[in-house]
Amino acid sequence: MRKLNEFIWETHGIHVGTEEDHVKHGIDRLEDIVDKAIEANNPSITFIIHSPRLTSFRYIAERDTNVKFIRGNKSYLNYPKRIANLRKKYEGQINIKYGVELEWMGPDLGLQWSRSKIFQAEDADYVIGSVHFAPEGLPYDGSKEEALELLKMRGSLESYWDGYFNEMIQMIECFGDMIQIIGHIDLPKLNVDMPEALVHFETSSHPLANKFRTLLELIADRNLSLDVNMAGKVKGVGVYPVQSILRRANELQIPVCVGTDTHHVRYYGLNYKESLEYIQEAGYESYVSYSKLIPEKRTIFDDHDLKVKYTVLNKGIELLNQRLDNTQRRIIPDFSFGGSFLEFVDIYKNATGMGDYNAIRIRKWGKSITVTNETPKMSGNKVKGLFSEHLDKPGVISSLFNTLASEGVNVETARLKSNNDGTAIAFISIESDNGNVKNAIDFINGTDSGLFRKLTYKENAVLPNYYTEGVYLLEMDGVRLNLALHEKVILTKHHNTPGVLLILLSALASEHINIIDLRLGKLNDIGYSAVAIDGDNNVIKNLLSKLGEQFYEANLIEFHSM
Ligand SMILES: [Zn+2]
Ligand SMILES: [Zn+2]
């Protein structure tokens, strides 16, 4: 038996910091839990907050106070700011995630209300869609009396659950583009029994079983994840969802998230390991967590080497998703694994193998990213190009490209390395010397002599290595790049003709964005560039939006996963 992790990357995490309200709900201080998580040596902590409800959707306890209030409204609006401050305060100590649990309150005013609330979740790492209330205004997870009142109104257990599933389906249809995760899918079991048709939903011909199968398929087809929620266990009704649902979800390849959905600091960390045992029982070996709406794969096993491989995988997922728009990001990609990553082929059902090729390839929507943590080997290929020793500051590389472009010389690829002493070296390989390279060198020595120490052209040079340990972007759309990943990377796909790349480099130089490393590749007349840079995100994004139509794609990639 392989050892399971003691820690989980929660999604439906801890509901706290909602401040004093007229009915207490998750009011512990945020700092207290962060401190507790740090004390436990945990790498991350996940907060979750309910979106506020319309006043017609209230629990008895809320109706029974003599004050009229919208629960959590104020704390919800302030939450992103408080989380941002918390992230600053604990920077370097712990990773802080937060998400929103969006309330389904029907397709009319409730939907508009929720849409209006989603703006406050702009910075959230994920959004869970949950049905807590029936359209009749009664909660599924309130008191027994409230549930029995609803049961009486609906007439039977079957129609009680049928109503709930109808609401879930409608929520997915309406919220589909706003949420990543479906919250506690069998929540009603908290107060009422599951009818036979549901207990045996896998084989039953009852309409309720059919409806539930449809719901699960909808979750799969919409690329949503399922919340495996330990709160049900604490409340004595068993984990949400029951094993049979989870097994089916696994067959449908629905990713799962794990979370304790706890509301008190004293329960922090409770049932972590049990949640992994629970999903393993249903056949899962991995689950997902989220950063900035992008899923991160996590292993259930306490295995260092495996975790390192997942880090590589998650960086690849982040790279690919940030090349795509929001709708495309939601689609679960296809995977290929090779070399030391081959074991993933068994974990991700539709994955294909790549034999000895020690890499992970992730693809969707006609785009792909290939990553590895193996340091690329020297190719030994003989190339021609320029060796440069120059000042390590913004604009220098751009001036080199500028002069080459002025002579009509197209750059094939580049290798950059900072000496960390204010100087840097570079090798710029060129496709073919059109006879003007020497000319270009003379021009550089004439106009930019202050920036360059040494500039030499070699015909039979070996591509220098300059590689260090890390995660590498091996390929973009199958084209070799071999860029060592830094905190921020620009990826472009562009028309491969002299001068086009200069547009990008000049744009960066204009805002003094420093280039740390640069790799180029091409396929037919399409050029690819991967540029490791350092600079302000908004400034960079603004530049990238103005590159012009020769750039088919230009994206800033940042890494949030751990
Ligand atoms: Zn909930
Ligand atoms: Zn919750």
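As the structure lists them, so they are numbered: ligands from 1, and atoms in each ligand from 1. Keep in mind that the numbers below use all heavy atoms, side chains included, and drop hydrogens, waters and symmetry copies. If you read the sequence from its start, that first residue is 1, and numbering goes on from there.
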Does a side-chain N-to-carboxylate-O contact under 4.0 Å join Asp334 and Lys364?
no
Of the N, O or S atoms in His184, the one nearest the Zn ion (ligand 1):
NE2
Checking only N/O/S atoms, does His15 have one that is under 2.8 Å from the Zn ion (ligand 2)?
yes
Is a side-chain N or O of Lys349 found less than 3.5 angstrom from the main chain of Asn250, in a donor-acceptor match?
yes
Close side-chain approach of Tyr240 to Ile185, heavy-atom, < 4.5 Å
no
Determine the interplanar angle of the Tyr290 and Tyr126 rings, folded into 0 to 90°, and report it as parallel if under 30°, tilted if 30 to 60°, perpendicular if over 60°.
tilted
Nearest to the Zn ion (ligand 1), which N, O or S atom of Glu101 do we find?
OE2
How many degrees, to 10°, between His12 NE2 and Asp261 OD1 as seen from the Zn ion (ligand 2)?
90°
